[in-house]
Amino acid sequence: MAIIVDGKIAIVTGGSSGIGLAFVKLLQSKGCSVVIGDIQFTPDAEALQNNKLAKVLFKKTDVTNWKELTDLFTFTEKEIGVPDIVCPSAGIFEPSWSNFWNDTESQSYKTVQINVEHPVKATRLAIRSFIKAKKPGVVAHLSSIGGQTTRLNIPIYCATKSFLNHFVRAFSDLEAAENIKVIAIAPGMVATPLWFKENKERLKSVGETDLWIQPEEIATILYNVCVDPAYKGGTVIEASGQGQTRQVEIFNDPGPPGIGHKGGANSELEKDVYDLLQKEKSKL
Ligand SMILES: NC(=O)c1ccc[n+]([C@@H]2O[C@H](COP(=O)([O-])OP(=O)(O)OC[C@H]3O[C@@H](n4cnc5c(N)ncnc54)[C@H](O)[C@@H]3O)[C@@H](O)[C@H]2O)c1
């Protein structure tokens, strides 16, 4: 039987924008109260507080700060109860300030902290909450088609999503053992501020055959994978637009099908990498 989310509780990190925001909206429309943990509280997210169907609360949270991430769970439990669904949606697209090639960071990569360490820690915190409350739960991760393909200009991003795919698969036995379902969806190109606000230069990698997906479509697929028992824990579901979904297999996976999922014009961005290397060579 499908999980009923009416009256349930969710935590969505990165829930102020893009896919996370669309997921918060969808959960609220189904009667699920949500706590958003994000560094920003956008007007679109704030507007959800006027909808009385279910609560939407905001807790300012930098997901790279583990105390703040832990406080997000404590806040949720105190204000509305132990979560049933945890979605660590906050993520960055290896922007210029945390990019392998720019090499501007001195201690560690924010892209890794946000895209890897945060979903890992959030999973641990979620499992601890579910166990303590003796209730079933779902942890729903945002991977990417980038976890299967590679792009020279954003090698860390692709690797972080590949990490998530394998991390999620490690929990495939947890659902039968403890009724805790850990899943991921791996979308293609989703039209969100991730592209249009911070990483506009990446738009030149979008080819004519590439396909934009709306965040609402991804939120619906994410929701279905969470609630439908046909999707088992440990599953990674690719979502490549126009309703196409596919399970990403652990062995011998054929990769994303067809045109539209490969970043048709990515060679433009790869050229920037080779130009940079040329400049470094000329300084030798
Ligand atoms: N947009 C795409 O094409 C696409 C495709 C595949 C996967 N994804 C993944 O989906 C997830 C959501 O992406 P999106 O497109 O909705 O992006 P988005 O930029 O619209 O939203 C990301 C949210 O994360 C928040 N965030 C960033 N750093 C944070 C931090 N340190 N602490 C707390 N919050 C922080 C931002 O404030 C923002 O509200 C990401 O994990 C992304 O990698 C996106």
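Just follow the structure's listing: the first ligand is 1, and inside any ligand the first atom is 1.
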Q. Under 3.5 Å, N or O to N or O, is Ser144 touching ligand 1 that way?
A. no
Q: Please check if any side-chain donor atom of Gln113 sits under 3.5 Å from a side-chain acceptor atom of Lys110, or the reverse.
A: yes
Q. Any nitrogen or oxygen of Ser16, main chain or side chain, under 3.5 Å from a nitrogen or oxygen of ligand 1?
A. no
(Q) Is it the case that ligand 1 has an N or O less than 3.5 angstrom from some N or O of Lys161? (A) yes
Q: Identify the two heavy atoms, one from Gly31 and one from Ala54, that lie closest to each other, and give their separation to 0.1 Å.
A: C-CB, 3.6 Å
Q) Does atom CD of Gln242 have more than 12 heavy-atom neighbours from other groups under 6.0 Å away? A) no
Q: Do me a favour and list the nearest non-hydrogen protein atom to atom 15 (O) of ligand 1 with residue, atom name and distance?
A: Thr192 OG1, 2.5 Å
(Q) I'd like to check which ligand 1 atoms, numbered from 1 as shown, lie under 4.0 Å from a non-hydrogen atom of Gly14. (A) 23 (C), 24 (O), 25 (C), 39 (O)
**Q.** Pair Thr64, His118: side-chain N/O donor-acceptor within cut-off below 3.5 Å
**A.** no
Q. Which protein non-hydrogen atom lies closest to atom 32 (N) of ligand 1, naming both residue and atom, and how far is it?
A. Val63 N, 2.9 Å
(Q) Counting non-hydrogen protein atoms only, what is the nearest one to atom 29 (C) of ligand 1? Give residue, atom name and distance. (A) Ile39 CD1, 3.8 Å
**Q.** Distance from atom 17 (O) of ligand 1 to nearest protein heavy atom, with residue and atom
**A.** Leu194 CB, 3.4 Å
Q | Side chains of Ile237 and Ile183 in contact at under 4.5 Å (non-hydrogen atoms) | A | no
Q. Would Asp71 and Lys67 pass as an ion pair if we require N to O under 4.0 Å?
A. yes
Q.
Under 4.0 Å, heavy-atom basis, I'd like to know which part of Phe93 is in contact with ligand 1: side chain, backbone, both or neither.
A. neither
Q: I would like to know whether Asp275 and Lys279 meet salt bridge (Lys or Arg N to Asp or Glu O under 4.0 Å); could you show each step before the answer?
A: CA-CA 6 Å; Asp275 287 348; Lys279 269 191 208 141; over 6 Å; no
Q. Can you check whether Ile19 has an N/O within less than 3.5 Å of an N/O in ligand 1?
A. yes
Q: Please tell me if the side chains of Leu142 and Leu222 come closer than 4.5 Å, counting only heavy atoms from C-beta onward.
A: yes
Q: Evaluate whether atom CG of Asn50 has more than 12 neighbouring non-hydrogen atoms of other residues, nucleotides or ligands under 6.0 angstrom away.
A: yes
Q: Could you tell me whether Val190 and ligand 1 have an N or O pair separated by under 3.5 Å?
A: yes
Q) Do Ser29 side-chain atoms and Leu26 backbone N/O form a donor-acceptor pair below 3.5 Å? A) yes
Q: Look at atom 25 (C) of ligand 1 and say which protein heavy atom is nearest, naming residue and atom and giving the distance to 0.1 Å.
A: Asp38 OD1, 3.4 Å
Q) Quick one: which ligand 1 atoms are inside 4.0 Å of a heavy atom on Gly18? A) 16 (O), 20 (O)
Q: Give every residue pair that meets the side-chain hydrogen bond (donor to acceptor under 3.5 Å, both in side chains) criterion with at least one member in residues 132-145, sequence neighbours excluded.
A: Glu77-Lys132, Asp84-Lys135, Thr123-His141, Ser143-Asn165
Q | Which of the ligand 1 atoms, numbered from 1, are nearer than 4.0 Å to a heavy atom of Thr61 | A | 32 (N), 33 (C)
Q) In terms of atom number and element, which parts of ligand 1 are under 4.0 angstrom from non-hydrogen atoms of Pro193? A) 20 (O)
Q) Using 30° and 60° as the class limits, which term best fits the ring planes of Phe163 and Phe167: parallel, tilted or perpendicular? A) parallel
**Q.** Nearest neighbour in protein (non-hydrogen) for atom 5 (C) of ligand 1
**A.** Gly188 O, 3.0 Å
Q. Does any N or O atom in Thr64 lie less than 3.5 angstrom from one in ligand 1, N or O only?
A. no
Q. Heavy-atom contact under 4.0 Å between Thr13 and ligand 1?
A. no
Q. Is there a side chain to side chain donor-acceptor pair (under 3.5 Å) between Glu105 and Ser98 once you walk through the steps?
A. CA-CA 7 Å; Glu105 292 161 295; Ser98 180; 3.0 Å; yes
Q | Contact (N/O only, under 3.5 Å) between Ile114 and ligand 1 | A | no
**Q.** Glu238-Gln148 side chain donor-acceptor pair, cut-off 3.5 Å
**A.** yes
Q. Which atoms of ligand 1 are found less than 4.0 Å from any heavy atom of Met189?
A. 3 (O)
Q. Do Trp212 and Phe196 have their ring centres less than 6.0 Å from each other?
A. yes
Q: Mark up the atoms of ligand 1 that fall under 4.0 Å of a heavy atom belonging to Asp62, in ascending order.
A: 30 (C), 31 (N), 32 (N)
(Q) Which option wins on minimum heavy-atom distance to atom 7 (C) of ligand 1: Ala45, Ser143, Gly91? (A) Ser143
Q.
Considering non-hydrogen atoms of the protein only, which is the closest contact for atom 8 (N) of ligand 1, and what is the distance?
A. Tyr157 OH, 3.6 Å
Q: Pull out every atom of ligand 1 sitting under 4.0 Å from any heavy atom of Ser89, numbered as shown with elements.
A: 11 (C), 12 (C), 40 (C), 41 (O)
Q | Atoms in ligand 1 flagged as close to Ser17, the criterion being non-hydrogen separation under 4.0 Å | A | 16 (O), 18 (P), 20 (O), 21 (O), 38 (C), 39 (O)
